[in-house]
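Every chain is numbered from 1 and lettered A, B, ... according to where its sequence line falls, protein lines coming before strand lines.
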Protein chains: 2
Amino acid sequence: MSSVTTTLHDTATRMRAEDRRELILEAATAVFGERGYVGATTDAVARAAGVSQPYVVRMFGTKEALFLEVLHRAIARLMGTFRAALADTTPGPDGTVEHPAARIGRAYADMLSNRGLLLSMMHAFVLGADPVIGKAARTCFLDVYRFLRVEAGFSKEEADVFLAHGMMMNTMVGLRMADEYEDGNPCAIDLLEAAMPHKLDLLLNANAESAPTS
Amino acid sequence: MSSVTTTLHDTATRMRAEDRRELILEAATAVFGERGYVGATTDAVARAAGVSQPYVVRMFGTKEALFLEVLHRAIARLMGTFRAALADTTPGPDGTVEHPAARIGRAYADMLSNRGLLLSMMHAFVLGADPVIGKAARTCFLDVYRFLRVEAGFSKEEADVFLAHGMMMNTMVGLRMADEYEDGNPCAIDLLEAAMPHKLDLLLNANAESAPTS
DNA sequence: TGCACATGTAATCATTCGATAACTTCTTAG
DNA sequence: CTAAGAAGTTATCGAATGATTACATGTGCA
């Protein structure tokens, strides 16, 4: 068995650094989302990515640099998804094209399944007091706001309502409120129906996905 | 000088444990709000409260127990403020009584000055994966939702909109977005005007308050 | 072929942090 | 006045963690 394990391990190693980097960033997004910046350990990221802890540190320099890259990639992916939704003007089954706000809102709901991505952002958003992470988080949030106002043409009020509901949904994800829903807690069911109209299935699917442990 | 310092120190010590407990909880609320549950250290709480680190640990048992008490006190204070606003039916200067939602919304805005209180809650809200803190955080959030629906008579949609904007404002506080506002960042000014209509002064006042450092 | 570089790992270090133990000092009831 | 308990500290420990160093191994190219 040992030889089999060793063989499997050997065949799995020796990846191009660029690809390994992606694997680690993917794992780090999940771990940071689950435990937050301080609570996540470079060792947990390494094990989730299947590499050794020193390799993670050496590839990104510091844990802070790794988190910043996770944050920037999360925002980049969010904005990429938004831009694609904004540009997608193919008519629906009824022949009409949805309003831009509706298309972007749907795109956001689709991202609910990527818990690590949204929660890595949220963890950054509550670390404004950190001189490095706080500054980066403010810049990222303002980038999203600017996109909504300038590129998507949202009014102040539209952008406010959109972002507010986004923060609300992120909070539901962060709280793992779907756990209470699945436990049959009637108040939680009521709350989630209120907060995630037509999007509950997406949240529950996200909840079903496994998260890296230990 | 040493004797003076010693004297001052001596006169400041020897408080009733109950009062000292309040001091520590107040300090812990600020520290947890600024650094989060994992990032906050019992030593930072102790120094902010003017006591030794082992005293903090022994009084509350564990850091986790201290955080849970901070969280529950924050929610209790929030709900107490909401209940007072709901019960306060004194007419305004124009002789009319505000709608309950407007009164509670104003009460929430008044709490923006207590950054530690709101952010300790927010940090708990993104730790849903923690078996102890996550469970407590879900229960607290559901208590607030139940209050809005049952006691304040909010509809599902009203509660959703209220909570969503609450999460949005908390995020602005967590991001220290007022720093960008004060730096004159036009996008930040636009965002804060959108997110905090008629409440910007309260956020900026909160920003002016000093936070415990080191 | 063989060497130079890229891809990793094992071992270890210094710090930090929560927690515990043992001790000191003040206060107060009898 | 004095013992007993309350209030609080100093010293210290063990575990966890980010980072560093040195080393091993596979791989492509002249």
Margin query: Closest approach to the side chain of B:Val51, judged atom by atom: which nucleotide of D:dG18, D:dA7, D:dT9 is it?
Written below: D:dT9
Checklist line | Electrostatic pair A:Asp43-A:Arg47, nearest N-O below 4.0 angstrom | finding: yes
Checklist line | Nearest-Å distance for atom pair OH/P, residues B:Tyr37 and C:dG18 | finding: 9 Å
Checklist line | Ring geometry between B:Phe67 and B:Tyr37 (parallel below 30°, tilted from 30 to 60°, perpendicular above 60°) | finding: tilted
Next item on the list: Mind calculating the distance between CD (B:Glu22) and P (D:dA7) to the nearest angstrom?
Entry: 14 Å
Next item on the list: Indicate, with a heavy-atom threshold strictly under 4.0 Å, whether B:Ser52 touches base, sugar-phosphate, or nothing.
Entry: base
Check: Once you round it to whole Å, what is the distance between C1' of D:dA16 and CZ of A:Arg47?
Finding: 12 Å
Check: Any donor-acceptor pair under 3.5 Å between the side chain of A:Arg14 and the base of D:dT25?
Finding: yes
Note to self: Is the phosphate of D:dG18 approached by A:Thr42 (side-chain N or O, under 4.0 Å from OP1 or OP2)?
What the structure shows: yes
Checklist line | Rounded interatomic separation in angstrom, taking CZ from B:Arg58 and C1' from D:dT10 | finding: 12 Å
Margin query: If I take atom CZ in residue B:Arg35 and atom C1' in nucleotide C:dC17, what distance separates them, rounded to the nearest angstrom?
Written below: 12 Å
Notebook entry, point to check: What is the distance, rounded to the nearest whole Å, between atom OH of A:Tyr55 and atom C1' of D:dG26?
Noted result: 13 Å
Item checked: Whole-Å gap separating P (C:dT9) and CE (A:Met15) -> 11 Å
Margin query: With a sphere of 6.0 Å drawn around CZ of B:Arg149, does it hold more than 12 non-hydrogen atoms of other residues, nucleotides or ligands?
Written below: yes
Next item on the list: Please check if atom CZ in B:Arg106 has more than 12 non-hydrogen atoms from other residues, nucleotides or ligands closer than 6.0 Å.
Entry: no
Note to self: What is the distance, to the nearest angstrom, from the CD atom on B:Glu64 to the P atom on C:dA19?
What the structure shows: 9 Å
Margin query: What's B:Ala40 touching, base or sugar-phosphate or nothing? Going by heavy atoms closer than 4.0 Å.
Written below: sugar-phosphate
Note to self: If you only use heavy atoms from C-beta on, which nucleotide in D:dA19, C:dA19, C:dC17 is closest to the side chain of B:Gln53?
What the structure shows: C:dA19
Notebook entry, point to check: If each of B:Glu18 and A:Val38 is mapped to the nucleotide of DNA chain D with the nearest heavy atom, which maps nearer the 5' terminus, i.e. the 5' end?
Noted result: B:Glu18
Check: Under 4.0 angstrom, heavy atoms only, what part of the nucleic acid is B:Ala65 near: base, sugar-phosphate, or nothing?
Finding: nothing
Notebook entry, point to check: Taking the six-membered ring of B:Phe32, is the NZ or CZ of B:Lys63 close enough (under 6.0 Å from the centre) and on axis enough (within 45°)?
Noted result: no
Item checked: Distance test, side-chain N/O of A:Arg20 to OP1/OP2 of C:dG8, below 4.0 Å -> yes
